[in-house]
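So the structure is just underneath, and the comments pick up after that.
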2 protein chains.
Amino acid sequence: MSREDQMIEEMFNHEGGLTERQKKILAAAIESFAEKGFSATSTKEIAQKAGVAEGTIFRHYKTKKELLMSIVTPMMIKLMAPVIIKDINKVLNHDHQTFEDFVRAMIDNRRKFLKSNMKIIKIFIQEIPFHPELKEQFIEHVGSKVFMRLRQIVVYYQEEGQIIKLPPDTVIRLTGSTLIGYFVTQYAILPNSEWDDEAEVDATVGFLMKGLATGK
Amino acid sequence: MSREDQMIEEMFNHEGGLTERQKKILAAAIESFAEKGFSATSTKEIAQKAGVAEGTIFRHYKTKKELLMSIVTPMMIKLMAPVIIKDINKVLNHDHQTFEDFVRAMIDNRRKFLKSNMKIIKIFIQEIPFHPELKEQFIEHVGSKVFMRLRQIVVYYQEEGQIIKLPPDTVIRLTGSTLIGYFVTQYAILPNSEWDDEAEVDATVGFLMKGLATGK
DNA sequence: AATAATAGTGAGTACTCACTCATTTTTATA
DNA sequence: TATAAAAATGAGTGAGTACTCACTATTATT
């Protein structure tokens, strides 16, 4: 395990050092922030939902905003970790022979992440416009590192002749748009409707592959 | 001009019957809601920015929320109007010979709409998660009508043999994801960066066309 | 068992919130 | 120009707001 891997492992387990009450506060805050938004949620409400005195919240988090950040920041670490550790290695080790293999693996991987972090991701997206630090943190963590790796991956498959030689950033944008659109439709727009997932995944991946096929 | 067209015209000009002070209040509210969010904006702040007494706001709008709705609702009418009136007719009149012509016209059309309604659209997107009525209104106006028309358009080009015969809703999703991704990248993610728009539009449209090409 | 350190409490603080209403200012009508 | 109607005002209202702090309960250390 590399030094970088260890760093990330530590960041993951950072949540381990939480008291029982702290966990309750976090759970209550996640619930309320996701539902009503940061601004419209009162600390009194969080305390009640957590079954804790209001003062207890401020013993652990200096401000309400610090509570928000302690929910959202670790999620960003989680967001980037698998991309820069596992998937990139699989590509470089030729575990994913085709770009399609890679995309399908990404879909699986990101779906799991989405499902187990729905509420926190919701909070993150909802609050990004109002807290510039969030965007900055995101660029710092995800933007620089993940993007760099994704560029490498794209260039790799381009040089293999599997996908069109557009600028890598453009390829990432087109692929990202398509996959995010797939997830948003399934989980945000039509969360309760009938949805033939196998067919939709096939259509989406098929569309992507044809759209990015080499011009030859 | 059909009865439906007239209805929409009326809805458009609904803004006409506004006093000078009302316009100032709306402008101030749009500014603050877009920047800080609905919940974090106080009526006092809006009044000050508009150069108006706080009571004046409540003479025209019973509640702060009614003020929000009076900003956001007309925008939804504007959003759907051009789609259901102009573009659909052009398609049915064979003004857009190819699906590519249609997509490019849509990009132009929606870009103009976006540019002249940036802040209100920002407010709408930011507040949707916290006000279920907004989502319901959106489905009622945009969802039902616009979607129906888009389905017709897709079926038309499918029967012409220009695009693949996936379920129309899937085609709309893939096209929508691609175009929304293009706009979001340009205006929300990289609003200050260098961006070769001609190249990006060509890449995006090219990707779409190849991705949706018939399998023949 | 005594002491120290940490965690938890909830009433209290100064302040802000959306909204009201009696009063004043502006506009329309005669 | 006098009178009625409409619009605008801003001090006032009670109900919150995030956050503090003197105090109590619990846990760890000697």
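Each chain gets a letter, A, B and so on, in the order its sequence line appears, and its residues count up from 1. Computed from a predicted structure; not experimentally measured.
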TODO: Quick one: sort the B:Phe38 and B:His131 rings into parallel, tilted or perpendicular, breaks at 30° and 60°.
DONE: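 Perpendicular: the ring planes of B:Phe38 and B:His131 meet at over 60°.
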TODO: If the plane angle is over 60° it's perpendicular, under 30° parallel, otherwise tilted; pick one for B:Phe102 and B:Tyr157.
DONE: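 Ring orientation of B:Phe102 relative to B:Tyr157: tilted.
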Would you kindly give the [atom1]-to-[atom2] distance between [X] and [N], to the nearest whole Å?
X: A:Phe58; N: C:dA7; atom1: CZ; atom2: P; answer: 18 Å
X: A:Leu67; N: D:dC19; atom1: CG; atom2: P; answer: 10 Å
X: A:Lys24; N: C:dG8; atom1: NZ; atom2: P; answer: 11 Å
X: B:Lys44; N: C:dT20; atom1: NZ; atom2: P; answer: 19 Å

Nucleotide N/O to protein N/O under 3.5 Å, stretch nucleotides 24-26 of chain D:
none

TODO: For the residue pair A:Met75 and A:Ile71, establish whether any side-chain heavy-atom pair is separated by less than 4.5 Å.
DONE: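 When only atoms from C-beta onward are counted, A:Ile71 and A:Met75 do not touch, as no gap falls below 4.5 Å.
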Task: Minimum side-chain heavy-atom gap B:Phe183-B:Thr204 below 4.5 Å - done: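 A side-chain contact is absent here, since even the closest heavy-atom pair is not under 4.5 Å.
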Task: Counterpart residues, salt bridge (Lys or Arg N to Asp or Glu O under 4.0 Å), relative to B:Lys36 (two or more places apart) - done: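 Applying salt bridge (Lys or Arg N to Asp or Glu O under 4.0 Å) to B:Lys36 gives B:Glu45.
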Open item on the list: Check the phosphate of C:dA18 against B:Thr43, side-chain N and O only, distance under 4.0 Å to OP1 or OP2. Yes or no?
Closed with: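 Answer yes for this pair, as a side-chain N or O of B:Thr43 is under 4.0 Å from OP1 or OP2.
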Task: Close approaches to DNA chain C from residues 124-137 of chain A, in residue order (heavy atom, under 4.0 Å) - done: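 The stretch gives none, as no residue of it lies under 4.0 Å from the strand.
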Task: Partners passing ring-ring contact (aromatic ring centres under 6.0 Å, His included) against A:Phe138 (at least two apart in sequence or in another chain) - done: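 ring-ring contact (aromatic ring centres under 6.0 Å, His included) list for A:Phe138, sorted by chain: A:Phe124.
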- [ ] Look at all strands and tell whether B:Thr41 reaches a base, only sugar-phosphate, or nothing, counting heavy atoms closer than 4.0 Å.
- [x]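 Sugar-phosphate only.
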Table of protein N/O atoms under 3.5 Å from nucleotides 7-9 of chain D N/O atoms:
{"from": "D:dA8", "atom 1": "OP2", "to": "B:His60", "atom 2": "NE2", "distance (Å)": "2.9"}
{"from": "D:dA8", "atom 1": "O3'", "to": "B:Arg21", "atom 2": "NE", "distance (Å)": "3.4"}
{"from": "D:dA8", "atom 1": "O3'", "to": "B:Arg21", "atom 2": "NH2", "distance (Å)": "3.3"}
{"from": "D:dA8", "atom 1": "N7", "to": "B:Arg59", "atom 2": "NE", "distance (Å)": "3.1"}
{"from": "D:dA8", "atom 1": "N7", "to": "B:Arg59", "atom 2": "NH2", "distance (Å)": "3.4"}
{"from": "D:dT9", "atom 1": "OP1", "to": "B:Arg21", "atom 2": "NH2", "distance (Å)": "3.0"}
{"from": "D:dT9", "atom 1": "OP2", "to": "B:Ala53", "atom 2": "N", "distance (Å)": "3.0"}
{"from": "D:dT9", "atom 1": "OP2", "to": "B:Thr56", "atom 2": "OG1", "distance (Å)": "2.4"}

TODO: From the options D:dT17, D:dC19, C:dC17, select the nucleotide whose nearest atom is closest to the side chain of B:Ser42.
DONE: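 Given the options D:dT17, D:dC19, C:dC17, the side chain of B:Ser42 is closest to C:dC17.
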Open item on the list: I need the full list of salt bridge (Lys or Arg N to Asp or Glu O under 4.0 Å) pairs touching residues 169-193 of chain A, with sequence neighbours left out, sorted by first then second residue.
Closed with: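 Residue pairs with at least one partner in residues 169-193 of chain A: A:Arg151-A:Asp169, A:Arg173-B:Glu200.
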